[in-house]
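See structure below.
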Amino acid sequence: MKYRKLGNSELLVSEISLGSWGVHEGVEDRNAKACIYKAFDVGINFIDTSNSYAAGGAESFLGEVLQGVERSSYLLATKVFFPTSPTDKGLSAPQIRKQIDASLTRLRTDYVDLYQCHRYDPDTPLEETMMALTEVVRQGKVRYIGFSEWSPEQIQAACDLADVEQFVSSQPQYSMLWRDPEAEVFPLCAANGISQIVWSPLAQGVLAGKYEPGQVPPENSRAANDKMNWYLLQELFSDRILTAVQKLKPIAQNLGLSMPQLALAWVLRTEYVCSAIIGASRPEHIVDNVTASGVKLDTDVLATIDQVLLPVVHK
């Protein structure tokens, strides 16, 4: 496993990190627990969750599983914004104070290494949000702060504020099929000491190559799981995109890579990206995925991938 420095922080993050969105959303607890332990075994040191995943259930599950694991041996990130109850939502100062304490209780820890704004809150002044985040950092409850899916204008406005803690991470959707952040977010963040921790690097599993155009999704796949379907980006499941993805299989085979390894190596090809978050329902998925760490794709391979995918990518 290779590690990269997270923005202007002191954190060294594994190039592959483990997400917990699927906990209680289609992945059995025993498999989720096995995946966490396997992640540690193969060098993953960063776990990403949110107070909204399974209405706090994902944090509670992690808090239970991680008991007995040396706290300094891993990095723990969570998020705040989405509703945890009809009245608890957003990034106001009272909500940030309330939600960080609730997250720490569920996670059974005194601090999180990274606290992220899950989205931008248009109903709360940015200054209020940033001052509240600064407060929890200076109280020792949070080491560093980040955000997910903010626009360039929102990012710049936060960077321009004085006397507040600065963001060190951005968490955008990014994959071979979803390249929106490349144009503005990546360079803007780099100029301000902010690294990318990307989600959905396999494009909701599409880039694993298991979905074929015109075919019913395989049993036990994410697309076949009723609990998952609400979250899927239906645009990625068009026959046009699935046909293009099938053309990547010979490229991966010629490199001796699995399709997920190719997709993850592509994401990690850029220095803007610190880590790629993976989800896993079985430990063997993690073993396969982490092999992408350190893989270098040459310019000819990258050009061939673009030739296949550029006509269908979202950017």
Side-chain angles (χ1 to χ4, degrees), residues 3-21 44-53 58-59 62 74-82 90-91 95-96 99-100 103-104 107 109 111-121 124 126-161 164-174 180-181 184-201 267 270-278:
Y3 300 84
R4 299 186 183 187
K5 186 170 179 288
L6 181 64
N8 285 339
S9 79
E10 296 179 353
L11 305 181
L12 283 177
V13 176
S14 51
E15 289 187 339
I16 307 296
S17 47
L18 183 64
S20 67
W21 174 79
I44 290 176
N45 73 343
F46 184 91
I47 299 177
D48 179 79
T49 189
S50 170
N51 66 340
S52 64
Y53 295 164
E59 287 184 332
L62 286 172
Y74 63 90
L75 304 173
L76 189 56
T78 193
K79 310 183 195 73
V80 58
F81 170 77
F82 287 116
L91 299 175
Q95 275 302 304
I96 288 174
Q99 295 303 327
I100 185 58
S103 288
L104 293 177
L107 291 165
T109 185
Y111 68 95
V112 293
D113 299 280
L114 184 65
Y115 200 44
Q116 303 158 101
C117 300
H118 212 156
R119 294 295 185 272
Y120 186 85
D121 183 359
T124 299
L126 178 60
E127 293 82 357
E128 178 180 342
T129 295
M130 296 304 294
M131 285 301 297
L133 292 171
T134 298
E135 176 184 309
V136 297
V137 170
R138 295 178 183 175
Q139 288 173 339
K141 298 175 181 180
V142 171
R143 294 179 67 188
Y144 298 100
I145 57 174
F147 58 84
S148 178
E149 298 292 353
W150 282 26
S151 71
E153 294 76 18
Q154 293 160 352
I155 297 168
Q156 188 62 64
C159 292
D160 288 342
L161 292 177
V164 295
E165 292 291 323
Q166 295 297 304
F167 288 127
V168 300
S169 72
S170 163
Q171 190 175 127
Q173 180 179 196
Y174 184 57
D180 288 27
E184 295 183 74
V185 170
F186 282 7
L188 172 61
C189 286
N192 287 280
I194 300 170
S195 291
Q196 310 298 318
I197 301 172
V198 304
W199 63 273
S200 197
V267 163
T270 172
E271 61 184 8
Y272 293 132
V273 172
C274 176
S275 186
I277 299 172
I278 62 168

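By the ring-ring contact (aromatic ring centres under 6.0 Å, His included) test, Tyr115 pairs with no residue at all, sequence neighbours left out. Taking the side-chain hydrogen bond (donor to acceptor under 3.5 Å, both in side chains) definition, one finds that Gln154 meets it with Ser151, sequence neighbours left out. Shown here are the ring-ring contact (aromatic ring centres under 6.0 Å, His included) partners of Phe82, two or more places apart in sequence or in another chain: His118. Glu184 pairs by the side-chain hydrogen bond (donor to acceptor under 3.5 Å, both in side chains) definition with nothing, not counting sequence neighbours. The side chain to side chain contact (heavy atoms under 4.5 Å, CB included) test applied to Val185 returns Pro152, Ile155, Ser170, Pro181, Cys189, Gln196, not counting sequence neighbours. Take Glu127 and apply the side chain to side chain contact (heavy atoms under 4.5 Å, CB included) test, not counting sequence neighbours, and it matches Pro125, Leu161. Scanning for ring-ring contact (aromatic ring centres under 6.0 Å, His included) contacts around Tyr174 gives Phe186, Trp266, with sequence neighbours left out. Judged as a ring-ring contact (aromatic ring centres under 6.0 Å, His included), and not counting sequence neighbours, Phe81 has no contacts. With sequence neighbours excluded, the residues that form a side chain to side chain contact (heavy atoms under 4.5 Å, CB included) with Glu149 are Arg119, Pro172, Gln173, Trp199. For Thr109, the side-chain hydrogen bond (donor to acceptor under 3.5 Å, both in side chains) test picks out Arg71, with sequence neighbours left out. Annotation: side chain to side chain contact (heavy atoms under 4.5 Å, CB included) contacts of Glu135 (sequence neighbours excluded): Arg97, Gln139.
Evaluation of the salt bridge (Lys or Arg N to Asp or Glu O under 4.0 Å) test over residues 10-20, restricted to residues two or more places apart or in two chains, returns Arg4-Glu15.
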Requested in this report: Decide side-chain hydrogen bond (donor to acceptor under 3.5 Å, both in side chains) for Glu59 and Thr49; before the verdict, give the C-alpha distance in whole Å, the side-chain angles of both, and the deciding distance to 0.1 Å.
Outcome: CA-CA 7 Å; Glu59 287 184 332; Thr49 189; 5.3 Å; no

Report task. Go through the steps for Cys117 and Leu133 under the test side-chain contact (heavy atoms from CB on, under 4.5 Å), then give the verdict. Result -> CA-CA 9 Å; Cys117 300; Leu133 292 171; 3.6 Å; yes

